[in-house]
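Let me begin by presenting the structure, written as structure tokens, before commenting on it.
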Amino acid sequence: MTERRILITAALPYANGPIHLGHLVEYIQTDIWVRFQRLRGNQCLFVCADDTHGTAIMISAQRHGITEEEWIERISQEHQHDFAGFGISFDHYGSTNSPENRELCGEFWSALSSAGLIVVKEVEQLFDPEKEIFLADRFVKGTCPKCQAADQYGDNCDKCGATYTPAELIDPFSTLSGATPVLRKSTHHFVRLEALHDFLNEWTQSGDHLQSEVANYLKGHFLHEPLRDWDVSRPAPYFGFEIPDQPGNYWYVWFDAPIGYIASTAQWCRQHGENLESWWKNPETEIHHFIGKDITYFHTLFWPGMLKSAGFNLPSKVHIHGFLTVNGEKMSKSKGTFVKASTYLEHLDPQYLRYFYASKLGPRLDDIDLNLDEFASKVNSDLVGKVVNLASRTAKFVQSTGLSTEYPDDQGLFAQGAAAGDEIAAAYEACDYNRAVRLIIELADRANPFVEQAEPWKLRKDPEQADRLQDVCTIALNLFRQVVVYLSPLLPRLAEQTSELFGTPIEHWDDAQTPLTGQGVNKFKHMLKRIEQKDIEAMVEESKNEIESENDTETTNTPWSDSDQPLQDEPLAETCTIDDFAKVDLRVARVIEAEHVPEANKLLKLTLSLGGNERRQVFAGIKKAYEPEKLVGRLVVMVANLQPRKMRFGLSEGMITASGPGGADVFLLSPDSGAVPGQRVH
RNA sequence: GGGCCGGUAGCUCAGUUGGUUAGAGCAGGGGACUCAUAAUCCCUUGGUCGCGGGUUCGAGUCCUGCCCGGCCUACCA
């Protein structure tokens, strides 16, 4: 097979927060694939960069009192430090805020313009008069125009599911300043994606560019009707690149971010005296993007459209993965399962996570779960108990003699392992890592019984059996090394340690095809520690205690150091009078019945007692946070005079009070003991 | 409501184009060993393959209806 030329990218992490275990699914998945391809002798270039533009970056920088450039520089350092800690072997890590990227954006822009694909439209958008910026939907909140639910985001209502524009919200406010936004018109530039419809139909539905479920998804959701124009500009102020022929307008972050893949390649080329076109305008080059399912749309419609228009290589494949859950749930800050990369590294070896993710990852875009108990037991029993154990139980017996000059008869064990190489390689190639892991561990499973049966510890007591002892250990150590070769894309450090043990580097997949003979064996050094429960506990505990941003710690001196994040997410409302407050009749109520509403995703149906025979039926969006059985009997605080609301499942006669962002993080209010149903809250 | 993926031993999963008594790892039980990081090895308990129809000589494997779970959607990108 001739050597392939492969450019690989992982999605560009956004420069406004730290890397956490969820991000790492992707970087580990990609890095394994890259290391595998390198081991096969293919020519690889693995590039990434920080995604640095957009409103959110401006806000983060402002909040920290520094310039955007200082902010993204700081984050970039953190990101690269974290990635290095997990052994992510980028060839180049750039930034979308680079001269190369600006230049390339211009090139794409010209190509799109001259193809007649850019149109200009007036857009009316909410504007924060205090901060003087336009507000994306998620930065506006207000009361739902359909169901009057308070505190809904600008695009749709959590409570009734209605969708609308932020301008339709009642009493809207900016989540940045709390100010009331005003409508303001501005000019936006759009890409006429519909002009590329035929091309996108063809590209997404043919060949092996996408996983089949992704191709179906695109067909069913977008390609069955005319494609909308894509808004790719934002008016000032905006942190990004100003459009050269459109002063006062900037490219939207999602326009320049993917171009960052090319810009990062360009930087690498410049440093290594290579030609960018030989990577991005060369039919011999394969381009593989690894992304999460949340950004499917951008990478499978816009991006191929842009590349096509500007005459760059199209991706050979966009590999899409799912999200991470921990212990079967969304990562949770309060449960300590929202673990930052840097926190993990303080407590555990990165190889554990690389191995575990690999053992869970397949070629589909299912979510994967990090069950912490399973994590420990799998790593300990597979890697320590089976793999490393092979070396640690035999290496010292041949430390003085080295390996036998001829590879002894091993009943075909090594040959079997060598023969499995193709199948394992095919699994790696297809991103079917869990299959690869299974096949490899099967090999290790065959090796330990061999050692058991050969009893080297008995052989060494009999000087006449010295040759046999050397043979047995030669076999065991070669089987060990063969397994490590196959695992090396997952476990780069173990591969290095194994290279040191034999004084022979592992540098090619085919190193698993030929046993080592007649050479020395160095002193065995401990290779991999077992995971102890207390390490995991310490990591979880530390994650619980972490506060959102470093700056918060500087400004808070109380012993509790509560984060200011909740207030930032939802600034204080306008002042109201005591009379305003008195309009709301809050009452203590007892939950006397609680049940699931089978058709609803978020709702529980509650029957509340206000004492005596006074009953209210209330639908509450707390299904993800509370078990109905556990609610029955407890006291809550309800809004008792809220206008009843007809819902799909029945009439809701009030609401119960709770804090938290929603989903599983909802926290009901409870009165102190002594309160009884029916009492008003003053 | 629509789309996709899944539902196989307590847990995590494998079961190739339908073919003989459904497998592995972990956990559980019993035993062995002591070289090894309380690692390893042997034996063993355990399954109406979500449910009901159908095709077939034969179905975990194909078709169909339903139930359950996850994710994505619900006219937003």
Side-chain angles (χ1 to χ4, degrees), chain A residues 136-138 153-156 161-166 190 193 211-222 224-232 252 254 292-298 301-302 320-323 325 328-330 356 359-360 362-371 373-398 423 427 432 434-435 437-439 441-442 444-461 469 472-473 476 480 524-532 598-599 601 648:
Chain A
D137 293 356
R138 68 178 182 287
Y153 279 103
D155 47 357
N156 67 64
T163 56
Y164 40 76
T165 69
F190 291 76
L193 211 58
Q211 286 128 301
S212 57
E213 59 268 50
V214 178
N216 288 342
Y217 159 78
L218 295 172
K219 196 170 162 187
H221 284 93
F222 301 104
H224 69 291
E225 59 182 11
L227 294 162
R228 278 157 233 263
D229 294 341
W230 178 35
D231 187 352
V232 293
Y252 174 45
W254 264 111
K293 63 185 181 184
D294 51 328
I295 55 177
T296 297
Y297 179 78
F298 297 100
L301 294 177
F302 297 149
I320 306 180
H321 61 80
F323 293 152
T325 54
E329 306 177 336
K330 250 175 86 172
F356 188 78
S359 78
K360 289 281 164 184
R364 322 225 131 262
L365 37 74
D366 305 315
D367 291 350
I368 66 168
D369 184 48
L370 169 60
N371 178 293
D373 291 333
E374 188 191 348
F375 170 61
S377 84
K378 187 154 208 145
V379 167
N380 288 345
S381 87
D382 289 358
L383 294 184
V384 181
K386 288 175 184 170
V387 178
V388 174
N389 188 229
L390 275 172
S392 72
R393 69 192 307 199
T394 53
K396 70 174 183 187
F397 297 147
V398 284
E423 201 180 352
D432 201 351
N434 75 64
R435 177 172 166 80
V437 167
R438 233 182 307 119
L439 292 169
I441 295 302
E442 258 177 44
D445 268 333
R446 288 205 271 269
N448 274 305
F450 165 80
V451 176
E452 200 72 21
Q453 204 191 337
E455 303 184 305
W457 54 94
K458 284 189 183 160
L459 297 174
R460 83 173 163 154
K461 289 177 183 159
L469 174 65
V472 166
C473 294
F480 164 72
F524 179 82
K525 293 184 207 151
H526 205 273
M527 290 181 170
L528 203 63
K529 200 171 134 275
R530 301 174 67 76
I531 297 182
E532 291 184 54
E599 313 91 284
N601 292 331
R648 207 171 115 208

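Sequence lines set the chain letters: A, B, ... in the order given, protein chains first and strands last, and positions in each chain run from 1.
Comparing the P positions of C49(B) and A39(B) gives an interatomic distance of 35 Å, to the nearest angstrom. The separation of G15(B) from G47(B), taken at their C1' atoms, amounts to 14 Å, rounded to a whole angstrom. Taking atom P on both C62(B) and G18(B), the two are 8 Å apart, rounded to the nearest angstrom. Nucleotides G25(B) and A9(B), compared at atom C1', are 12 Å apart to the nearest Å. When the C1' atom is used for both G23(B) and G46(B), the distance is 13 Å, rounded to whole Å. Look at the P atom in both U12(B) and U17(B): the space between them is 26 Å, to the nearest Å. Nucleotides C68(B) and G50(B) have their C1' atoms positioned 7 Å apart, rounded to a whole Å. With P as the reference atom, U56(B) and C63(B) are 16 Å apart, rounded to whole Å.
Checking C5(B), C71(B), U40(B) against every side-chain atom of Asn389(A), the shortest atom distance belongs to U40(B). Here the side chain of Lys396(A) is nearest to one of C42(B), C71(B), A36(B), namely A36(B). Comparing atom distances between the Trp457(A) side chain and each of C26(B), U34(B), C71(B) picks out U34(B) as nearest. Listed nucleotides U73(B), C35(B), A39(B) differ in distance to Lys461(A); the shortest reach to its side chain belongs to C35(B). Of the candidate nucleotides U12(B), C71(B), C26(B), C26(B) has the atom nearest to the side chain of Lys386(A). With A77(B), C4(B), A14(B) as the candidates, the nucleotide lying closest to the side chain of Phe302(A) is A77(B). Here the nucleotide nearest the side chain of Phe298(A), chosen from A77(B), C71(B), U40(B), is A77(B).
In this structure, Asp231(A) contributes its side chain and Phe190(A) its backbone to no donor-acceptor pair below 3.5 Å. Under a 3.5 Å cut-off, the side chain of Asn448(A) and the backbone N or O of Lys386(A) do form a donor-acceptor pair. No side-chain donor-acceptor contact under 3.5 Å links Asn380(A) to the backbone of Arg530(A).
Nucleic acid contact for Pro456(A): none, since no nucleic acid atom lies under 4.0 Å from a heavy atom of the residue. If you check every strand for non-hydrogen atoms under 4.0 Å, Gly385(A) touches sugar and phosphate atoms only. Among the protein residues, Trp230(A) comes within range of the sugar-phosphate backbone only, with heavy atoms under 4.0 Å from sugar or phosphate atoms but none that close to a base. Using a 4.0 Å heavy-atom cutoff across all strands shown, Leu528(A) reaches at least one base atom of the nucleic acid. Using a 4.0 Å heavy-atom cutoff across all strands shown, Val388(A) reaches at least one base atom of the nucleic acid. Nucleic acid contact class of Asn448(A) (heavy atoms, under 4.0 Å, all strands): sugar-phosphate only.
Summarising the geometry, the separation between CD1 on Ile531(A) and C1' on U37(B) is reported as 13 Å, rounded to the nearest angstrom. In this structure, Asn434(A) places its CG atom 13 Å from C1' of A24(B), rounding to the nearest Å. The distance from atom CZ of Arg530(A) to atom P of A36(B) is 15 Å, rounded to the nearest whole Å. Asn380(A) has its CG atom 10 Å from the P atom of A27(B), to the nearest Å. Nucleotide G2(B) holds its C1' atom 14 Å from the CZ atom of Phe222(A), rounded to whole Å. Atom pair Leu365(A):CG and C72(B):P shows a separation of 11 Å (rounding to whole Å applied). For the pair Lys458(A) NZ and U34(B) P, the interatomic distance rounds to 6 Å; values are reported in whole Å. G69(B) atom P lies 23 Å from atom CD1 of Ile368(A), rounded to whole Å.
Ring planes of Phe298(A) and Trp254(A): parallel class, angle under 30° (limits at 30 and 60°). Using bins of under 30°, 30° to 60° and over 60° for the plane-to-plane angle, the ring pair Phe302(A)/Trp230(A) lands in the parallel bin.
Within a 6.0 Å sphere centred on CD of Glu225(A), other residues, nucleotides and ligands contribute more than 12 heavy atoms. Environment of NZ in Lys529(A): crowded, with over 12 heavy atoms of neighbouring residues, nucleotides or ligands closer than 6.0 Å.
Evaluation of Tyr217(A) against the base of G3(B) yields no stacking contact (centre distance < 5.5 Å, interplanar angle < 30° required).
Partner assigned to U64(B) is G52(B), using Watson-Crick or G-U wobble distances below 3.5 angstrom. Figure legend. A24(B) is base-paired to U12(B); pairs are counted as Watson-Crick or G-U wobble with both atom distances under 3.5 Å. Base-pair partner of G46(B): not found among the strands shown (Watson-Crick or G-U wobble, both distances under 3.5 Å). Applying the Watson-Crick and G-U wobble criteria (two distances, each under 3.5 Å), G69(B) pairs with C5(B). With a cut-off of 3.5 Å on both pairing distances, A38(B) has no Watson-Crick or G-U wobble partner at all.
Salt bridge status for Asp369(A) with Lys360(A): absent, with no side-chain N to carboxylate O gap under 4.0 Å.
Each of His526(A) and Phe323(A) was assigned the nucleotide of RNA chain B with the nearest heavy atom; the assignment lying further toward the 5' end belongs to His526(A). The 5' end of RNA chain B is approached more closely, in terms of each residue's nearest nucleotide, by Val451(A) than by the other of Val451(A) and Tyr252(A).
Residue Arg228(A) has a polar side-chain atom (N or O) positioned under 4.0 Å from OP1 or OP2 of A77(B). At C35(B), one or more side-chain N or O atoms of Arg460(A) fall inside 4.0 Å of OP1 or OP2 (strictly under the cut-off).
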